[in-house]
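Just so it is clear: chains get the letters A, B, ... in the order the sequence lines come, proteins before strands, and each one is counted from 1. What you see below is based on every heavy atom in this structure, not just the backbone, and it leaves out hydrogens, waters and symmetry mates.
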Amino acid sequence: MSQELDPRYDHNAIEDSIYKKWEKSGFFNPDNLPFGKSKEQRAKSKAKKSKKQPAISSTPFAIIMPPPNANGSLHLGHAVFVTLQDLMIRYARMKGKKALWLPGADHAGFETQVVFNKKLEKEGKNWFTMDREALYRAIWEFTQENKKIMEGQLRKLGASCDWSREKFTLDPDIVKIVYNTFERLYKDGLVVRDEALVNWCPKHQTSLSDLEIKDEERAEPFYYFYYGPFTIGTSRPETKFGDKYVVMHPDDPRYKEYKDGEQLHLEWINGPITATILKDNAVDMDFGSGVMTITPWHDPVDFEMASRRGLDKEQVIDEYGKLLPIAGEFTGMKITEARLKIVEKLRSKGLLARIDENYKHVVRTCYKCNTTIEPQIKKQWFVRVNKEVGSGKWEANKSLAGMAIEAAKSGKIKFFPAHAKKIYLHWLLNIRDWNISRQIVWGIRIPAWFCATCSEPKVNITPHAKWFFVRHASTDWNEDVRSIGQADPPLSEQGRAEAKRMAENFKGNNVDLIITSDLKRARQTAEMIAEVTGAEIIVDRKLRERHLGITQGMPKTERNKLYGDLLYSYDGTPPGGESFKDVEERVWTSFKQYRALYRKKNVVIITHGGPIRMILKQIKQWDMTQMLANEAGASGVIQLDVADPCKTCKSDLFEQDPDVFDTWFSSGQWPFATLMTGKKKDLSTFYPTNVMETGHDILFFWVARMIMLGLYRMKEVPFHTVYLHGLVRDKDRQKMSKSKGNVIDPLGMASEYGTDAVRMALTVGNMPGQDSTISEDKIRGYRNFATKVWNIARFVLMHRNETESSKFKVQISKLRPALTATDKKFLKEAKRIKAEVGRHIEKFEFHLAAEKAYHYIWHTFADKIIEHYKPALKVLMPISPSPEPTASQASSPTPIKVSARALQKGIVAQHVLQSILEDSLTMLHPFMPFLTEAIHEKIASEELLIVKQW
RNA sequence: GCGUCCUUAGCUCAGUGGUAGAGCGUUUGCAUGACACGCAAAAGGUCGGAGGUUCGAUCCCUCCAGGACGCACCA
């Protein structure tokens, strides 16, 4: 079957079919590997094993793939990890190991929601204009699409991962494990709900962890103001409204006449105030004037001091970055606008001492949108990474961070590059509590509930039923902002669409019963929900909206002008209508009856804004102000879960925390979560995994978290080796970015030059922890190498003359007596190089391994060895008068006479070359899998190169 | 402020206690029965600076200079 090969390797014609062949073979799954058999099977075959067969072993070798974010397509960074991990896996597989590479995808919470938001913004929307369920569903679709594309791209890059074990971070079984970890941490006191200063992004309306903020150096004016007898310095005048403590260092001689606790009256932004003097070590005598006022709600240092000393904390800036009423005339202004006006006012009052215009300081910004972070005090869930766990627990007197430190110090986890260990330790030694709550929709919802009545948090409750409160969809009257009350307009066109969307949200919620107000707008909404859920409907006129008497039908503005006071007080009754009190009694009585009747049923109550608020007022024990402030039910759905009564207040209604986990909290559990939910015995076979290969940029985000959580749950490190690759830059060492237009798309390059060329280009020159460069020239260079290898094979196979070979029954071992010293030297050298390449791979020196193989194959094998044998091979080539010898002529007996000796020499040469070719293909396969497999196919079609013994 | 890394050929980077390496680029030859995506050659470097250890330093140590990056609550 000496087939003529084309003079060019056509990767496009070959790659897909080769990948399919691999996938079909099942060898990506370690359970199917021919040498990864069970002990019994091995024992059986051992008896008849010949010497030639390489030693077989079923030592496991596992790499968990860093799950790419399912919010875009693969870029060069992904191509790097695919290349490096795939080469390790392929090498391990060829070394006879039970090699598992477990693929997955990450929902990537905040990142994905931000990416999706950009899409929405293009359509003039944003994530705040969508209700929770609809947004979640839309992002779900989005990620599933991306995931599919990514899977195709991974295949294109030649990833030999086990698709049968693929996982997504939102798979229900994974989520279950994440919940379980959270509950355990909570029980151990390592997860707490705490009021603390968090990094708040005013644009995205969520808190962020310390890692999700970026420091940005900015030049901003630094102001000095007279504050009573003192001069205080600040870069943030807009926070100074609530400041009533003035602080200085106890040892500062300039202020030694003042005593801690002393009060003084002074003139400030909006009038006279009383301030208290504090002496505290937190103040730096050398900075500014050595005196400062504090804003505990919006500054970490101040917060720490205020908490330590029990001082008052007041919010000055709201969640959107606007000033609150405490700011008086500045209320509602944005920070930047207010700042200048406040300075102006202070100047006019003669309180401005001076301005330092050249002040440079570091401002913390959201790492996604660059918005200045506004620290806010919030109740959030924190992982207490420094809290020691008592003896008897998983590890006596060690914190999560402490365990992770120990694992690196003891050498249980090794780092490539070695210095990454220092960086890792430095970070862990300075780590602070980890905020894991995010106020976004896309992610794993935190499995914590709050008692609907007393707000007490509960973790690990099992709801027996769900009660939903739904406000009817819109009517024309709603759209016209008319006062409706018990008037009875039907749903508008838009309202019907809304109701339909709402109904979709109930799919999969197992709704048993719908109870609705009898007014048309509620009933029609109910019918549409019933259509989707198939639930029975109970119509109850007691759930009607408040009767608004003579104001019904008026435009709301007019109504409020005339009857506002009556309408918004508890027992104010508009002529001919009802008071809030009346509604509350009517609705609450009715609600209580239904609660008693349908304890364990999932119920949807469809009613109106007023009744919903009155029911919530009762459950949550609100006063009128709280009730009126609440927009509950104005849009969306309110869900209350029924569970065992709260121990504190006996209420059995709970609200689930709307927050979701920081995505790293779930991906931090990836190594054990994927194996726990995999095939039987996967966890015991493959955990701890061998290598974690990822980018150095997520050493803290991900690697450190995996180590902490892995140790916590498994009492064992998640992996033995951490290999961190660097960033790939362009040939001018520039970071690739869309705006610079220097982005190299790995898949585009792969289709132009072949995947193998891209992989080689990414391997050579890629040192751990060191940024590497890539350029189209470099890729082209390795495409040329692929052609070279192809032509080596073409040359060797061209001289494989079936007829002559079979005549001599040639096998290299049989030819041994005919081998010259040079032949033997060449054969030995190939084996030696192959071994060295392997050793480099084992030492994580992939760049050296790839270069060595490249260099040997091109400059030794092709340039020296082949040239050496050319004369001897002449006899195998038919000498033909025609300039283009055809395949049929090549395989026909030679027409001229040659001596038997020369013929044998030729055949020996051919076999030496083929043997070296096979070694070359083997050593090159982890780097250039498609090309080598394609050539191997021509030599030995019955066996796949991926499972050929190294 | 704390921490990490880098500085070797025109470019991008390997490397070693004993005479300096690769790829790309450059120059000069080659249509040579596998390959011009090729072959054969050549030019090109006081290994950032200063000191130290050593028989000997590009390599180990110290300092300095330049560059990149990470972490950090200075109002």
Ignoring backbone atoms, establish whether [X] has a side-chain N or O less than 4.0 Å from OP1 or OP2 of [N].
X: A:Y424; N: B:rG70; value: no
X: A:R794; N: B:rC35; value: yes
X: A:R432; N: B:rC73; value: yes
X: A:W790; N: B:rG38; value: no
X: A:H361; N: B:rC74; value: no

Tell me the interatomic distance from [X], atom [atom1], to [N], atom [atom2], rounded to whole angstroms.
X: A:I857; N: B:rA34; atom1: CD1; atom2: P; answer: 19 Å
X: A:F795; N: B:rG33; atom1: CZ; atom2: P; answer: 11 Å
X: A:F785; N: B:rC24; atom1: CZ; atom2: P; answer: 12 Å
X: A:F287; N: B:rG1; atom1: CZ; atom2: C1'; answer: 14 Å
X: A:K788; N: B:rC39; atom1: NZ; atom2: P; answer: 3 Å
X: A:I916; N: B:rA34; atom1: CD1; atom2: C1'; answer: 16 Å
X: A:K870; N: B:rG33; atom1: NZ; atom2: C1'; answer: 8 Å
X: A:H249; N: B:rA75; atom1: NE2; atom2: C1'; answer: 14 Å

Is the cationic atom of A:R354 (NZ for Lys, CZ for Arg) positioned less than 6.0 Å from the six-membered ring centroid of A:Y224 and within 45 degrees of its normal?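 The answer is yes, since A:R354 meets both limits relative to A:Y224.
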
A:F861 six-ring centre to A:K788 NZ/CZ under 6.0 Å and within 45° of normal: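 Judged by the rule (NZ or CZ under 6.0 Å from the ring centre, within 45° of its axis), A:K788 is not positioned above A:F861.
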
Could you verify whether a donor N or O on one side chain and an acceptor N or O on the other, from A:E829 and A:Y856, lie under 3.5 Å apart?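 No.
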
Side chains of A:T295 and A:D243 only: does a donor on one sit below 3.5 Å from an acceptor on the other?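 Short answer, yes.
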
So A:Y227 and A:W268, would you call those rings parallel, tilted or perpendicular, with 30° and 60° as cut-offs?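 Plane angle over 60°, so perpendicular.
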
Intra- and inter-strand pairs of RNA chain B in dot-bracket (Watson-Crick or G-U wobble, both distances under 3.5 Å; | for another strand): (((((((..((((....[..)))).(((((.......))))).....(((((..]....))))))))))))....

Under 6.0 Å between the ring centres of A:F222 and A:H361?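 No: the rings miss the under 6.0 Å criterion.
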
Counting heavy atoms from C-beta on, name the nucleotide in [options] closest to the side chain of [X].
X: A:K422; options: B:rA75, B:rU4, B:rA34; answer: B:rU4
X: A:D863; options: B:rC39, B:rA22, B:rC35; answer: B:rC39
X: A:Q770; options: B:rA75, B:rA34, B:rC5; answer: B:rC5
X: A:H855; options: B:rA22, B:rA14, B:rC71; answer: B:rA22
X: A:F700; options: B:rC73, B:rG70, B:rA34; answer: B:rG70
X: A:P300; options: B:rC73, B:rA14, B:rA72; answer: B:rC73
X: A:D284; options: B:rA75, B:rU4, B:rA22; answer: B:rA75
X: A:H419; options: B:rG15, B:rA34, B:rU4; answer: B:rU4
X: A:R783; options: B:rC37, B:rA34, B:rA14; answer: B:rC37
X: A:D215; options: B:rA34, B:rC37, B:rA72; answer: B:rA72

Between [M] and [N], how far apart are the [atom1] atoms? Round to whole Å, please.
N: B:rA40; M: B:rG17; atom1: P; answer: 32 Å
N: B:rU53; M: B:rC69; atom1: P; answer: 37 Å
N: B:rG3; M: B:rA50; atom1: C1'; answer: 26 Å
N: B:rG33; M: B:rG18; atom1: P; answer: 45 Å
N: B:rC11; M: B:rG45; atom1: P; answer: 13 Å

Other residues, nucleotides and ligands only: do more than 12 of their heavy atoms fall within 6.0 Å of NZ on A:K240?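 Yes - once you tally the heavy atoms of other residues, nucleotides and ligands closer than 6.0 Å, there are more than 12.
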
One thing to verify: whether A:K852 and A:E845 come together as a salt bridge, which I'm taking to mean a side-chain N less than 4.0 angstrom from a carboxylate O.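 Result for this pair is no, no salt bridge flagged.
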
Treating A:N386 as the side-chain partner and A:A401 as the backbone partner, does any N or O pair qualify as donor plus acceptor under 3.5 Å?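 It does not hold such a pair.
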
Specify the residue among A:N791 and A:D299 whose closest nucleotide of RNA chain B lies further upstream toward the 5′ end.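 The answer here is A:N791.
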
Both A:T787 and A:I423 contact RNA chain B. Taking the nearest nucleotide for each, which residue is further toward the 5' end?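 Upstream on the strand: A:I423.
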
